[in-house]
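The structure under discussion appears below in the form of structure tokens.
Only this structure's heavy atoms are used, side chains among them; waters, hydrogens and symmetry mates stay out. Read the numbers this way: they start at 1 and go in the same order the structure lists the ligands and their atoms.
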Amino acid sequence: MHRRPIVVGNWKMHTTLTEAETLARRISLCVERLDGLDVVLLPPTIWLPSLVQSFHYRPSGLHFGVQNIHPELSGAYTGETGLGMIRGMAEYVLLGHSERRAQFGETDDFIRQKLAAVLRERLSPILCVGELTKVMLQTRGRGRPTTLEKQSDILRQLRAALLGVSERSVERLIICYEPLWAIGPNHRVSGPHVQAVIEQLRQYLGLRFGRTTAGRIRTIYGGSVTADVIDEYTVQPDIDGVLVGGAALESQTFLPIIEAVAEHAHHLRQHQEH
Ligand code: PGA
């Protein structure tokens, strides 16, 4: 089944507005030359209105999103951004990033509420799931594959987030396998390893929503992705793209990732046509 590849740039709490505008402009010029993929930029929310307005023309493959959101449209929630406030600006919403889970104490249930609200607003959630514990890091360090047992972080997070979600809306969902310990340099997970984890996630999605619907949900990987290693992920059949943090902050490091994903998708389409 063909799933449109996607590259997500998570700028986290970085960039000035000027830097964000310059970076977005360069990325836009790159995306304009390419087709068959989605590039999603997640700037700091405070820059979002200016960034969106600075584009008179935006290529159809370039999208904006937010790194976090409150599930209510508005309300008495000091310091939060309401889901109703990003209307018309953001198409994608990152949810359950390991930094939010680990540093800000976001629970499975709060992430479930956000996911339901984002789907209700007809936006696309990018749901991050992944191991948070050091035990898993040590296991991974020895190169053993993760088995997706019932009590594992990954499956628990996925199950909890999808509670009550209907098959009808789920096709807009993107799932990102993003283990906390793989963020930052030198800890990335190998391509075959990610493939094995995602296969198991897809198996669960198949049981939950049926194989056809599960086959339409895009699944991506995040954690220390750079242009040097991108091919290792694009060749895997179940990895539909990547979530990039550090390497998404400079056009020199981000554009080659976008180009590599687009090129791979192009070859795949050619192959399928013949
Ligand atoms: P990184 O971040 O690319 O800097 O490791 C990825 C992420 O935040 O998931």
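- For the pair His97 and ligand 1, the shortest N or O to N or O distance falls below 3.5 Å.
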Which donor-acceptor pairs under 3.5 Å do side chains of residues 19-32 form with protein atoms, sequence neighbours excluded?
unit_1 : atom_1 : unit_2 : atom_2 : d
Glu19  : OE1    : Thr16  : N      : 2.9
Thr22  : OG1    : Thr18  : O      : 2.9
Arg25  : NH2    : Ser54  : O      : 2.9

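- Legend: residues meeting salt bridge (charged side-chain N to carboxylate O under 4.0 Å, His left out) with Arg58, ordered by chain and number and at least two apart, are Glu91.
- At under 3.5 Å, a nitrogen or oxygen of Gly246, whether backbone or side chain, sits near a nitrogen or oxygen of ligand 1.
- Distances shorter than 4.0 angstrom do not occur between any heavy atom of Arg188 and any atom of ligand 1.
- A donor-acceptor contact closer than 3.5 angstrom is absent between the side chains of Asp153 and Gln157.
- Ligand 1 has Gly223 within reach: a non-hydrogen atom of the residue lies less than 4.0 Å from it.
- Numbered from 1 in the order shown, with element, the atoms of ligand 1 that lie under 4.0 Å from a heavy atom of Leu243 read 9 (O).
- A salt bridge is absent between Asp38 and Arg172: the closest approach of a Lys/Arg side-chain nitrogen to an acidic carboxylate oxygen does not fall below 4.0 angstrom.
- Atoms of ligand 1 found under 4.0 Å from any heavy atom of Lys12, numbered from 1 in the order shown, are 2 (O), 7 (C), 8 (O).
- The closest side-chain donor-acceptor pair between Gln272 and His2, if any, does not fall under 3.5 angstrom.
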